[in-house]
Amino acid sequence: METQVLTPHVYWAQRHRELYLRVELSDVQNPAISITENVLHFKAQGHGAKGDNVYEFHLEFLDLVKPEPVYRLTQRQVNITVQKKVSQWWERLTKQEKRPLFLAPDFDRWLDESDAEMELRAKEEERLNKLRLESEGSPETLTSLKKGYLFMYNLVQLLGFSWIFVNLTVRFFILGKESFYDTFHTVADMMYFCQMLALVETLNAVIGVTSSPVLPTLIQFLGRNFILFIIFGTMEEMQNKAVVFFVFYSWSTIEIFRYPFYMLTCIDMDWKVLTWLRYTMWIPLYPMGCLSEAVAVIQSIPIFNESGRFSFTLPYPVKMKVRFSFFLQVYLVMLFLGLYINFRHLYKQRRRRYGQKKKKLH
């Protein structure tokens, strides 16, 4: 008795570059799958809708395809992938307009043309990203490099501000109040270095190397450097005032808690005492630093008025002299506005860190 030749159910879908066919046959044996003269030939022994038989079909494609089909056998079906010669969207699978009765769309894989284009773009982006990552290094390597870079930056800043803090503390215990008046000449070079290097911290926030918000970081950088370079740096009369000691001391005290905390974060360590200090010491130190800066600005106003430095006269027809002290008065308002923004940001950080733990205790 001859084995009956039957046609299996075939489901198809496409992408711009490929055709997918799913042949509903289980327990397939000896599949013969080939493409000749743009016609797909399929013949295999298997269990289909008509039981265990030999099933076969032939499909002439609408457009040219590559003659090397790739198939994969599973327990329930045969999956065939055919590459199109030209990447384009077909209006149908077969050359004949009337669809064969055994052929139907594979709705599990079916996409319309626009969705397929989106998928194609996504795959292309994924491929390009993979090539970029291979050229730049693995994500793990990049993460390690970033952590190493941030660790070294925080270490350098810690060493710089620690030197300032220790120097001011030792001089105060040895000389008492007399140490206030030559603070600038003693530690200004190191403070210049640390505050100029703080630009890196702002850039890290801007380009996304760190998750720090840009606005509070930028406010602190610009505010401190305005006091250091403009108020202290350009006016020798200000460099011998006691307020310099309190400004520098408050800045360095804040940073000797902040930078070691960031260093430990880079190596995934959490020292609870240091963490508590980092999220708590700003409460007295930030207002103290802001108050010291405000005193420095107020003390500099008559000096700038007397020297006329940075003042200018508006051109004709106004011809009005604008004193730099006017901008200093505006800066005083902005100084306390910046304090509010930073205080609010730090308060939210502290609340996120310790607020939930307090709720659990109740």
Side-chain angles (χ1 to χ4, degrees), residues 2-140 142:
E2 293 185 359
T3 304
Q4 185 179 4
V5 177
L6 302 171
T7 304
H9 293 299
V10 180
Y11 301 89
W12 80 283
Q14 68 168 316
R15 299 294 185 267
H16 284 80
R17 298 173 179 171
E18 296 173 326
L19 300 168
Y20 305 114
L21 293 96
R22 173 165 56 89
V23 183
E24 289 292 299
L25 281 180
S26 60
D27 302 323
V28 171
Q29 300 175 9
N30 302 322
I33 304 171
S34 62
I35 295 177
T36 55
E37 297 181 355
N38 220 47
V39 177
L40 174 68
H41 305 280
F42 176 93
K43 185 175 183 180
Q45 176 81 28
H47 192 86
K50 298 295 183 178
D52 192 13
N53 279 293
V54 173
Y55 292 83
E56 67 177 286
F57 66 89
H58 308 278
L59 286 174
E60 185 176 3
F61 293 115
L62 175 66
D63 212 331
L64 296 177
V65 298
K66 296 180 180 180
E68 302 91 14
V70 177
Y71 67 90
R72 183 171 62 89
L73 301 176
T74 69
Q75 191 172 357
R76 292 186 172 185
Q77 61 200 28
V78 181
N79 295 312
I80 304 173
T81 302
V82 178
Q83 300 290 330
K84 298 176 180 178
K85 276 198 172 181
V86 179
S87 178
Q88 62 182 2
W89 196 254
W90 291 5
E91 61 180 18
R92 61 181 185 274
L93 179 65
T94 58
K95 191 170 185 179
Q96 64 183 60
E97 293 188 9
K98 186 177 180 181
R99 176 175 60 84
L101 295 176
F102 64 88
L103 184 66
D106 186 352
F107 291 108
D108 291 338
R109 304 192 68 169
W110 193 265
L111 292 178
D112 58 30
E113 186 173 2
S114 60
D115 290 337
E117 287 176 352
M118 290 178 62
E119 183 185 72
L120 185 65
R121 284 196 296 268
K123 285 184 177 180
E124 185 64 18
E125 288 177 5
E126 183 179 356
R127 185 183 69 83
L128 292 175
N129 287 334
K130 187 176 179 181
L131 290 174
R132 179 176 57 81
L133 288 173
E134 287 177 354
S135 63
E136 295 177 356
S138 65
E140 294 79 8
L142 294 175

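Numbers here are sequence positions counted from 1.
- In terms of heavy-atom proximity, Pro31 sits nearest to Ala44 at CA-CB, 3.7 Å.
- Atom CD of Glu24 sits about 4.5 Å away from atom CZ of Arg22, to the nearest 0.5 Å.
- At least one donor-acceptor pair under 3.5 Å links the side chain of Tyr55 to the backbone N or O of Lys50.
- Put simply, CD1 on Ile35 and NZ on Lys66 are 11.5 Å apart, with the number rounded to the nearest 0.5 Å.
- Between Trp110 and Trp12, the two ring planes are perpendicular [angle over 60°; tilted spans 30° to 60°].
- Around the CZ atom of Arg99, the shell of radius 6.0 Å holds more than 12 heavy atoms that belong to other residues, nucleotides or ligands.
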- Under the side-chain contact (heavy atoms from CB on, under 4.5 Å) criterion, do Leu6 and Phe102 qualify, and how do the steps go? CA-CA 10 Å; Leu6 302 171; Phe102 64 88; over 6 Å; no
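- Pairing each heavy atom of Trp90 with each of Val65, the nearest pair is CH2-CG1, 3.5 Å.
- Taking CG of Leu73 as the reference point, atom CD1 of Ile33 lies at 7.0 Å (rounded to 0.5 Å).
- Considering every non-hydrogen atom in both Pro105 and Tyr11, the closest pair reads O-CD2, 3.6 Å.
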- Show the numbers, then the answer: is there a side-chain contact (heavy atoms from CB on, under 4.5 Å) between His58 and His41? CA-CA 5 Å; His58 308 278; His41 305 280; 2.8 Å; yes
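- Between the CD atom of Glu97 and the CZ atom of Arg92 there is a distance of 5.0 Å, given to the nearest 0.5 Å.
- Considering only heavy atoms from C-beta on, Leu93 stays 4.5 Å or farther from Gln14 through its side chain.
- Side-chain atoms of Asp106 do not come within 3.5 Å of backbone N or O of Leu21 as any donor-acceptor pair.
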- Task: Carefully, step by step, assess Val23 and Phe57 under the rule side-chain contact (heavy atoms from CB on, under 4.5 Å).
- Result: CA-CA 10 Å; Val23 183; Phe57 66 89; 4.0 Å; yes
- Task: Begin with the C-alpha distance, continue with both residues' side-chain angles, and end with the deciding distance and a verdict on side-chain hydrogen bond (donor to acceptor under 3.5 Å, both in side chains) for Gln45 and Asp52.
- Result: CA-CA 7 Å; Gln45 176 81 28; Asp52 192 13; 3.2 Å; yes
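- In this structure, CG in Leu19 is found 6.0 Å from CZ in Phe61, a value given to the nearest 0.5 Å.
- When all heavy atoms of Pro8 and Glu56 are compared, the closest pair comes out as CD-O, 3.8 Å.
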- Message: The test is side-chain contact (heavy atoms from CB on, under 4.5 Å); show your working for Leu111 and Arg15 and say whether it passes.
- Response: CA-CA 8 Å; Leu111 292 178; Arg15 299 294 185 267; 3.5 Å; yes
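- When side chains are defined from C-beta on, Leu64 counts as touching Asn38, because their heavy atoms get closer than 4.5 Å.
- A distance of 12.0 Å separates NE2 of His9 from CG of Leu103, quoted to the nearest 0.5 Å.
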